[in-house]
Amino acid sequence: AKTLSDVKAGHKISVEDVRNAVVPVVKSVLRNADAYFWVTSLRKRDAYEYSHAVHCSLLAAAFGRHMGFTEDVLVNLATGGLLMDIGKTEIDESLLAKPEALTADETEAVRKHVENSLRIIEEAGIHHADVREMVLTHHERHDGSGYPDKLMRNQIPLFGRMAGLIDSYDAMTSTRVFRKAASAHHALQQLYRHGDQLFQREVVEQLMQCLSVYPTGSLVELSNGEVAIVMAQNHARRLRPRVMLLMTADKVLRENFIELDLMGQNEDEGTLREITTILEPGAYGLDPTELYLG
């Protein structure tokens with residue numbers, strides 16, 4: 001929050017402030033693979049630009065961890081995720097929130113945030129190539145339809161390809177003034193459909209593996225009608241995560257939530273529960289941020 005407020009006030013961002021914000025994020029993700037998912041599912045209702053920056057930083061670290069990068073690289077990924085849209089602080093807020101299609105001039109004005117972001121990080125003394133690549137290329141697209149340089153395929157550096165995917169995924173799963181949030185499952189399906197058009201298919205598939213088929217924090221309906229929330233992944237069986245049962249089959253909120261490992265069910269005890277449906281955020285009036293799930 002301090003970084004964004006400093007830029008809005010016309011001050012240079014502090015390299016130390018950025019690192020202090022990023023390093024704990026990376027270390028928490030290294031300790032616990034589900035850390036990113038729970039931070040995002042417990043979103044506070046902050047300004048979109050702030051929450052988007054934080055979410056992209058967290059997801060970049062989680063994605064990089066999944067890809068096997070070292071901690072030093074994860075810090076760069078998280079830094080790039082945090083700052084790649086920092087130049088939007090210099091764009092008219094009414095343009096960023098406009099529900100109607102932008103005019104050609106307005107589109108050009110918004111696209112200048114890439115140039116702004118590069119200037120801001122350079123003035124701050126953040127010169128690492130990984131961070132710069134993410135800032136510069138996260139709006140480039142696999143088929144050459146992106147900006148600012150219309151790069152194609154492998155002309156886009158890997159971290160830029162990852163950043164573009166992260167940026168799009170978080171935007172799709174965030175509620176805006178002009179659009180409801182998509183479920184994580186729906187967003188991943190949409191991104192996959194654009195594989196090798198807007199995004200490199202292999203990178204999309206890696207993100208899907210990172211987030212899992214049923215991403216942590218997703219509301220789901222089980223085969224017996226119960227409603228649950230995905231708590232953690234079972235990497236050996238991605239279709240059978242650990243869940244918390246929230247509602248009965250009659251869609252009545254439970255007085256006491258029950259944790260269930262879908263992979264650890266005993267077949268001898270009767271019908272096995274399976275996930276049948278990913279629910280939209282807010283389904284049945286459930287808001288994970290207002291539920292005590294500890």
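Starting from 1, each residue takes its place in the sequence as its number. We use all heavy atoms of the structure for the numbers below, so side chains are in, but hydrogens, waters and symmetry mates are not.
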### Task
Among E205, Q206, R161, find the residue that satisfies the side-chain hydrogen bond (donor to acceptor under 3.5 Å, both in side chains) test when tested with Q200.
R161

### Query
Taking all atoms of both residues into account, what is the closest heavy-atom pair of A163 and H138, and its distance?
CB-CB, 3.7 Å

### Task
Identify the two heavy atoms, one from N224 and one from A249, that lie closest to each other, and give their separation to 0.1 Å.
O-CB, 3.2 Å

### Task
Would you indicate whether the side-chain heavy atoms of L191 and M172 approach each other to under 4.5 Å?
yes

### Query
Measuring from R242:CZ to L260:CG, what's the distance to the nearest 0.5 Å?
10.5 Å

### Message
Quick one, R273 and L245 - any side-chain contact, counting heavy atoms below 4.5 Å?
### Response
yes

### Query
Is there a path of hydrophobic side-chain contacts, each under 4.5 Å between heavy atoms of I, L, V, M, F, W or Y residues, that connects M84 with I156?
no

### Heavy-atom pair with the smallest gap, counting every atom of S145 and L198
OG-CD2, 3.8 Å

### Criterion side chain to side chain contact (heavy atoms under 4.5 Å, CB included) on L188 and L207, from CA distance to verdict
CA-CA 8 Å; L188 288 171; L207 181 64; 4.2 Å; yes

### Query
Hey, are the side chains of L136 and P157 touching, using non-hydrogen atoms and a 4.5 Å cut-off?
no

## Note on the structure
Separation between CZ (R153) and NE2 (H142), nearest 0.5 Å, reads 5.0 Å

### Message
With salt bridge (charged side-chain N to carboxylate O under 4.0 Å, His left out) as the rule and sequence neighbours excluded, what pairs involving residues 99-109 come up?
### Response
K98-E106

### Query
Hey, is the main chain of V252 close enough, under 3.5 Å, to the side chain of D250 for a donor-acceptor pair?
no

### Task
Over all heavy atoms of both residues, which pair between G64 and L74 is shortest? Give the atoms and the distance, please.
C-CD2, 3.3 Å

### Query
Do H139 and Y147 have ring centres separated by under 6.0 Å?
yes

### Query
Is a side-chain N or O of R141 found less than 3.5 angstrom from the main chain of G146, in a donor-acceptor match?
no

### Task
Over all heavy atoms of both residues, which pair between S117 and G87 is shortest? Give the atoms and the distance, please.
OG-N, 2.7 Å

### Message
Is any side-chain heavy atom of M162 closer than 4.5 Å to one of M134?
### Response
no

### Message
Given 3.5 Å as the limit, does a donor-acceptor pair link the side chain of S168 with the main chain of L165, or not?
### Response
no

### Task
Specify the closest pair of heavy atoms between I166 and A60, including all atoms of both residues, with the distance to one decimal.
CD1-CA, 3.5 Å

### Approximate separation, where rounding is to 0.5 Å, of M231 CE and S218 OG
12.5 Å

### Message
Is it the case that the side chain of S223 and the backbone of T276 share a donor-acceptor pair, with hydrogens and angles ignored and the cut-off at 3.5 Å?
### Response
no

### Task
For the residue pair L59 and L211, establish whether any side-chain heavy-atom pair is separated by less than 4.5 Å.
yes

### Query
Within the side chain of T216, is there an N or O that forms a donor-acceptor pair under 3.5 Å with the backbone of V230?
no

#### Entry: Student check: side-chain heavy atoms of D85 and C56 closer than 4.5 Å
no

### Query
So, the side chain of E140 versus the backbone of L151: is there a donor-acceptor pair under 3.5 Å, distance only?
yes

### Query
How far does CZ of R132 sit from OG1 of T137, to the nearest 0.5 angstrom?
10.0 Å

### Message
Within the supplied structure, the quantity of interest is the number of heavy atoms (other residues, nucleotides, ligands) at a distance under 6.0 Å from K112 NZ; does it exceed 12?
### Response
no

#### Entry: N234 side chain to R240 backbone, donor-acceptor under 3.5 Å
yes

### Query
Any side-chain heavy atom of H52 sitting closer than 4.5 Å to one from K88?
no

### Message
Looking at Q265 and L262, would you say the former's side chain and the latter's main chain have a donor-acceptor pair under 3.5 Å?
### Response
yes

#### Entry: Stepwise side chain to side chain contact (heavy atoms under 4.5 Å, CB included) check, I229 with L286
CA-CA 10 Å; I229 188 167; L286 293 173; over 6 Å; no

### Query
Can you find a side-chain donor-acceptor pair between D72 and T70 that sits under 3.5 Å?
no

### Message
With side-chain contact (heavy atoms from CB on, under 4.5 Å) as the test, pick out the partner of L219 among V243, T277, I278, L279.
### Response
L279

### Task
In sequence, state the C-alpha distance, the side-chain angles, and the governing distance for E90 and I120, and then conclude on side chain to side chain contact (heavy atoms under 4.5 Å, CB included).
CA-CA 10 Å; E90 299 180 355; I120 289 168; 3.8 Å; yes

### Any Q233 side-chain heavy atom under 4.5 Å of Y214 side chain
no

### Query
Got a second to check how far H127's NE2 is from I121's CD1, nearest 0.5 Å?
9.0 Å

### Task
With rounding to the nearest 0.5 Å, note down the distance linking CD in E133 to CZ in F159.
8.0 Å

### Query
Are M263 and I258 connected in a single hydrophobic cluster, I mean Ile/Leu/Val/Met/Phe/Trp/Tyr linked by side-chain heavy atoms less than 4.5 Å apart?
no

### Query
Between Y169 and F199, does the ring centre distance come in under 6.0 Å?
no

#### Entry: same_hphob_cluster(L158, M152) at 4.5 Å side-chain heavy-atom cutoff
no

